[in-house]
Amino acid sequence: MKGKPADKKTIVSTLERIALLLELSGANPFKSRAFQNGARALQSYEGDLAEGFASGELKKIKGVGKGILTEVDTLLDDGTSQALDELEAVVPAGLLEIAKVPGLGPKRVKTLYDKLGIESLGELEYACNENRLVQLDGFGAKTQEKILKGIDAIRRFSGRHLLSDAWATADQLLETIGGVKGVEKIELAGSLRRRRETIKDVDILVAADDPASVHEALTKIDGVEEIIGSGDTKTSVRLDSGINVDLRTVTTTQFPFALHYFTGSKEHNTRMRQRAKDRGLKLNEYGLFPTDSEESVDCADEAAIFEALDLHFVPPELREDMGEFDAAESDDLPPLVAEDDIRGVLHNHSTWSDGAHSVREMAEAARAMGFQYLGLSDHSQSAFYAHGLKEDAILRQHEEIDEVNAAMDDFVVLKGIESDILADGSLDYDDDVLERMDFVVASVHGHFGMSREDQTKRCIRAVQNPYTSILGHPTGRLLLGRDGFDIDLRAVIEAAAEVDCALELNANPHRLDLDWRELRFATRQGARISIGPDAHRTEGLSDLRYGVAVARKGWVQAGDVLNALELDDLRSWLRDRRA
DNA sequence: GCCGTTTTCGGCCCGACTGTTTTCAGTCG
């Protein structure tokens with residue numbers, strides 16, 4: 001069936017789908033991995049895939065060979081993939097769902113399908129209730145019970161959690177378990193330490209004299225709903241919030257190796273191990289071993305492990321095998337932005353639109369956090385749902401801001417607006433109103449369903465408007481809720497960089513938009529990033545920490561961040577932008 | 001399927017835990 005050309009995202013996800021289907025079809029597992037690797041390699045390819053294919057650049061990428069290029073070719077041409085079509089003809093779609101049940105991998109999913117004809121979650125549940133799994137080789141009563149629980153959990157929880165929720169849970173656990181007698185070291189590991197935007201489970205690593213008491217402490221914590229598993233070195237529990245916690249114990253000597261290992265990512269670890277192997281060493285969670293030796297190389301901390309493999313220290317946020325090895329080899333790792341670098345915040349709401357606190361309350365809270373300025377950007381007139389401001393309300397709000405400013409000599413409230421970007425890409429007020437603003441955040445709040453082409457044009461027009469200081473939450477996504485709207489994001493980023501319009505990294509934990517994967521592209525184009533809390537109450541200001549965390553993950557430096565500027569520098573930047 | 005300053009064939013990261021076994025396969029991270 002002829003279709004339209006696939007974009008990069010579709011091509012990457014198609015290759016990943018092929019990899020999973022290959023596993024489920026019982027093919028050579030290395031073939032499946034090859035497709036996974038190929039998908040990853042293309043994902044991190046900076047250029048345009050169609051151009052790269054035409055010029056022969058894609059052929060040079062490690063992990064992309066003849067077989068994968070064949071699929072890419074047809075996907076680029078008409079969006080089809082013969083490999084995918086053939087696999088989908090053989091493997092029922094429901095098996096992909098079933099593979100998400102904890103404890104069920106490709107082998108068992110295949111067994112269930114081959115022996116019992118199970119090809120959907122519902123059928124699986126029915127078969128468990130009919131006690132039909134126990135008759136199969138390798139299955140037993142406990143497995144059946146576990147699968148039923150897994151199906152239930154999938155339905156109750158998406159299985160993933162916001163960075164903010166997982167982080168808050170982890171902070172509490174670190175305090176409680178860190179207080180257990182005999183605990184020498186305790187650290188967060190896993191995707192939470194890497195600051196991924198959503199988290200599957202909280203990983204905690206402990207070095208302790210008496211591991212058993214540490215494991216016991218976790219199982220006794222308030223809010224433990226189920227103990228999933230418990231051994232000498234690992235305990236897993238599910239909290240009533242639905243968050244899973246994995247606790248591992250090691251010795252003090254092993255700690256740095258285990259911390260690195262359990263921090264991941266899996267892809268980063270694979271590269272590290274290969275790198276160790278290339279140097280005649282074996283790396284695992286217990287140490288770094290020369291060939292034929294039981295004695296590990298001595299490493300006091302993670303930095304020493306990197307050093308032993310001729311690398312500079314890679315901050316956890318960057319460990320995604322997305323360029324950190326090249327940078328760590330050549331000492332090109334950037335100094336990442338830190339919370340201390342932030343001088344103020346530029347996207348906030350007050351009671352004038354849909355916020356919960358007044359101008360003065362927001363200002364005092366921001367000042368107490370050590371900021372120099374607060375940019376107030378209430379909603380614009382088209383945003384009826386959020387009590388957007390008409391022109392006369394803007395005038396009155398500005399009077400109130402002047403009063404608040406007059407009462408503070410070491411802090412400034414900047415006059416801004418979060419202007420809806422209308423369907424045609426224009427802003428929500430006439431120029432003479434925008435002229436009165438210190439800054440403008442322009443955001444899409446409606447017409448999400450426009451075509452990719454029109455949406456792209458719309459946002460490019462908005463960033464090219466000299467009154468637009470910042471493009472707000474550029475994709476409109478809500479994590480675990482809805483995908484961003486269809487848009488050629490890179491084209492918008494390039495357009496913004498061209499005219500020096502800043503891009504927002506919205507720090508609200510539900511958004512974290514711009515995505516960290518795009519931040520590096522944006523800063524390379526020279527675009528400024530505004531880390532905005534989008535606070536609707538004073539407490540919301542502290543969401544900034546999630547924004548900074550994700551900015552770090554996107555290789556952002558203080559010099560890239562608009563609101564790391566001192567007030568005077570920010571003001572002149574805003575003036576220049578408009579000029 | 002991909003890769004190769006020992007290779008065009010024969011590898012492809014490694015270990016813990018679980019549940020099923022009676023020495024191990026499958027799953028997970």
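In what follows, chains are A, B, ... by sequence order, proteins preceding strands, each numbered from 1.
Atom name P, nucleotides dC3(B) and dC13(B): the rounded distance is 14 Å, in whole Å. On the C1' atoms, dG1(B) is 14 Å away from dT8(B), given to the nearest whole Å. Nucleotides dC2(B) and dT6(B), compared at atom P, are 24 Å apart to the nearest Å. A distance of about 14 Å separates the P atoms of dT20(B) and dG26(B), rounded to the whole Å. Separating the P atom of dC12(B) from that of dT18(B) is a span of 28 Å, rounded to the nearest Å.
Rounded to a whole Å, the CZ atom of F139(A) is 16 Å from the C1' atom of dC24(B). I147(A) places its CD1 atom 13 Å from the C1' atom of dT20(B), with the value rounded to the nearest Å.
Side-chain N/O atoms of S32(A) include none lying less than 4.0 angstrom from OP1 or OP2 on dG1(B).
Checking dC17(B), dG4(B), dC2(B) against the side-chain heavy atoms of K62(A) singles out dG4(B) as nearest. Among the nucleotides dC13(B), dC2(B), dG19(B), the one closest to any side-chain atom of A34(A) is dC2(B).
Between D137(A) and D246(A), the residue anchored closer to the 5' end of DNA chain B is D137(A), taking for each the nucleotide with the nearest heavy atom. Between D201(A) and R33(A), the residue anchored closer to the 5' end of DNA chain B is R33(A), taking for each the nucleotide with the nearest heavy atom.
Between the side chain of Y286(A) and the base of dG15(B), no donor-acceptor pair of N or O atoms lies under 3.5 Å. You'll find a donor-acceptor pair under 3.5 Å spanning the side chain of N28(A) and the base of dG1(B), going by distance alone.
Judged by the 6.0 Å distance and 45° axis criteria, R108(A) is positioned over the aromatic ring of F139(A).
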